[in-house]
Amino acid sequence: MLQGTPIFILKEGTEREQGKGAAANNIQAARAIADAVRSTLGPRGMDKMLVDSMGDVTITNDGVTILKEVDVEHPAAKMLVEVAKTQDQQCGDGTTTAVVLAGELLKRAENLLEQQVHPTVIARGYHQALEEAHRLIEKEIGIPVKFDSVPELTDVALTAIGSKGSFGARNKLGEIAVEAVRRVTEERGGKHIADVDLIKLEKRHGGTIEDTELIQGIVLDKERGHTRMPLVVKDAKIALLNSALEVKKTEIEGKINIKSPSQMQSFLDQEDQSFRQMVDAVKASGANVVVTQKGIDDVVLHYLAKSGIYAVKQVKESDLQKLAKATGAKIVTGVRELTPADLGQAAQVEQKKVGDEHMTYVTGCANPRSVTILIRGGTEHVTQEVERAIQDALKVVSSTIEDGVVCPGGGATEVDLAVKLRKFAPTVGGREQLAVEAFAQALEVIPWALAENGGYDAINTLIELRSAHEGPRANKNIGVNMADGKATDMTVLKIVEPARVKRQALSSAVEVATMILRIDDIIASKKGGGGGGPPGGMGGMGGMGHGH
Ligand code: ADP
Ligand code: MG
């Protein structure tokens, strides 16, 4: 048992696991998660079928989607799921890599623990290796890319799209992703910033992936509210409301107590009056287009149509915000507070037919840095898959524009780091050296898994890769060619990823692995009280099984 005097006085019967037992239990759980997603890594990764308690099925090979959906009980496993989410938020890519690496770092750590290397020493060694890895990526492995180099940005986009599986029109999707990010890129203080949140993704099934297009402006998944409204409004003045243009039914029921037909009539007149006032307020502001987050009463729609105003109701909050950014409009709550200064501008608002349905196109916006990618595909499943791929592509292209550095993919970066870290290890000295070596070994899980998922002999591939990265003719860009499992220059195959994705995946993996290693005591706190103790509690731990 690892040292440590008990500082808690525990009630009899409290579940507790200490020392090596605790560490082994946590490591097992985390590794189980890593093993589960490993087979999805890379372009040849297998899909997972997720079935929820309602029997609904999701089929995906996206690491973070899998981990978000799976109901994980064990606290250490949950930590790994968090890593995937962090990686996804920060980079939009590299989630599977981060989780698989974390699992492998823990596996190697287990061997060291057996050799009586203290967890703190392992953690310190891992951090030293991480620091050196970051330095190597920056100084030796990274390849500079100019922010406006379209062909290289397209390579980055295509690598991300390609590793999500294979679908048609890949090249077109890559070009669209690059063009979209370039449109939203701006220079600020000598830096290039590409805010992908400005890019709106809209899906419409029917047609083919080839029909996917980039639209300069905002496309809303909504038709105009009344058939008498104009189909096209030029020189649009747009009002955005996050409230409804209706009279709440509950208000009416609460207030009226009708005793005679004349009372009924006066009530209806009153209601009509307030509808007219709403429309008058819109007209007074000078708006010829009104977009609301909530509903619009049919009577109001009728009056708006009569006034030649184009109205769209029930628009998502996030879309309203994008419209505000694009047109310069201010989102207003009460229609009576609407002023001319709140209106946004666009050259044209038009209803168009896409597939079997109508959509609203807002083009020629005041802010030219707002675009929509309208995703098309045969079925909903296809458009969803394409959306996930495009989301990844947008993020990797923006990372590349912002940082200007890419790394070779296909495991090349990991193998090169492994070779170089093995040389670095002796300079660290002490027992930490063993941890640096373990770190190097752990990195090789990436090319290993890529080869294995491609159906190749992973041992042969790894041996080939190692030798290509050593000696006088070493080439840091050699990785796994998924077409034949052979060692190939990834810059020739144009398989490149943003350095940011690599750096962040390493950091997240080390962070979670060392955090799990440092735990030597698991105590199940009492349930109840402030909302239920640790997630999962001890109950979940048994489920993953004790390793030894
Ligand atoms: P992640 O969730 O970590 O991004 P992916 O399933 O997207 O996982 O796989 C990414 C890995 O696949 C990276 O190591 C990347 O270099 C590699 N990869 C992607 N496309 C190719 C390819 N065409 N050939 C070889 N490796 C590839
Ligand atoms: Mg990926």
Side-chain angles (χ1 to χ4, degrees), residues 34 36-48 60-68 80-81 83-104 137 141 143 155-166 170-171 174 177 385 388-397 399 406-418 443-456 458 461 465 477-506 508-509:
V37 294
R38 202 171 96 160
S39 66
T40 69
L41 186 77
R44 297 283 197 92
M46 302 296 284
D47 292 345
K48 301 271 170 197
T60 180
N61 81 354
D62 187 43
V64 74
T65 308
I66 296 167
L67 294 178
K68 270 186 197 159
L80 224 58
V81 174
V83 168
K85 288 187 190 160
T86 311
Q87 178 76 21
D88 191 47
Q89 279 160 9
Q90 308 227 324
C91 300
D93 199 16
T95 50
T96 316
T97 304
V99 171
V100 169
L101 271 177
E104 200 66 13
I137 287 174
I141 300 174
I143 304 163
D155 293 343
V156 177
L158 289 178
T159 300
I161 293 172
S163 59
K164 279 282 152 289
S166 57
R170 227 185 106 211
N171 289 333
E385 211 171 57
R388 278 197 284 269
I390 287 191
Q391 270 165 350
D392 281 11
L394 294 175
K395 289 260 185 66
V396 292
V397 172
S399 299
V406 295
C407 287
T413 298
E414 288 81 3
V415 174
D416 206 62
L417 284 173
L443 287 172
E444 290 178 337
V445 73
I446 300 301
W448 178 283
L450 287 173
E452 199 171 62
N453 293 346
Y456 305 113
T461 305
L465 287 180
N477 297 328
I478 303 276
V480 191
N481 184 348
M482 295 309 289
D484 57 12
K486 296 256 181 287
T488 309
D489 190 322
M490 289 293 123
T491 57
V492 174
L493 295 182
K494 305 185 194 297
I495 307 299
V496 283
E497 297 170 283
R500 190 192 290 185
V501 172
K502 292 285 172 214
R503 272 199 317 266
Q504 180 65 39
L506 289 170
S508 332

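In listed order, ligands and their atoms are each counted from 1. Predicted model, so just to flag it, every value in this text is computed and none were measured. One-based numbering along the sequence shown.
Under 4.0 angstrom from ligand 1, there are no non-hydrogen atoms of Val501. Residue contacts with ligand 1 for Glu497 involve side-chain atoms from C-beta outward but no N, CA, C or O (heavy atoms, distance under 4.0 Å). Of the heavy atoms in Ile495, only side-chain atoms (C-beta onward) come closer than 4.0 Å to ligand 1. Proximity of Thr40 to ligand 1, defined as any heavy-atom pair under 4.0 Å, is confined to the backbone N, CA, C and O atoms.
The two residues Val396 and Ala157 make their nearest non-hydrogen contact at CG2-CA, 4.3 Å. Smallest separation of non-hydrogen atoms from Ala509 and Leu101: CB-CB, 3.7 Å.
Between the side chain of Gln87 and the backbone N or O of Asp93 there is at least one donor-acceptor pair closer than 3.5 Å. The closest donor-acceptor contact from the side chain of Tyr456 to the backbone of Leu450 lies at 3.5 Å or more, if one exists at all. Looking only at distances, a side-chain donor or acceptor of Ser163 sits under 3.5 Å from a matching main-chain atom of Thr159.
Among the atoms of Ile446, none of the N or O lies under 3.5 angstrom from an N or O of ligand 1. At under 3.5 Å, not a single nitrogen or oxygen of Glu414, backbone or side chain, sits near a nitrogen or oxygen of ligand 1.
Taking all heavy atoms of Gly42, Ala98, Cys407 into account, the minimum distance to atom 9 (O) of ligand 1 is reached by Gly42.
Within the model, atoms CD of Glu414 and NZ of Lys502 stand 4.0 Å from one another, a figure rounded to the nearest 0.5 Å. Of the inter-residue distances, the one linking Ile495 atom CD1 with Asn477 atom CG reads 12.0 Å to the nearest 0.5 angstrom.
Set against the non-hydrogen atoms of Thr97, the atoms of ligand 1 under 4.0 Å away are 1 (P), 3 (O). Ligand-side atoms of ligand 1 in range of Gly409: 16 (O), range being under 4.0 angstrom from any heavy atom. Applying the 4.0 Å criterion to heavy atoms of Gly94 picks out, from ligand 1, the atoms 1 (P), 2 (O), 3 (O), 4 (O).
Between Ser508 and Gln504, the side chains place a donor N or O and an acceptor N or O closer than 3.5 Å (distance only, hydrogens not considered).
Looking at Asp93 and the Mg ion (ligand 2) together, the shortest N, O or S contact belongs to OD1.
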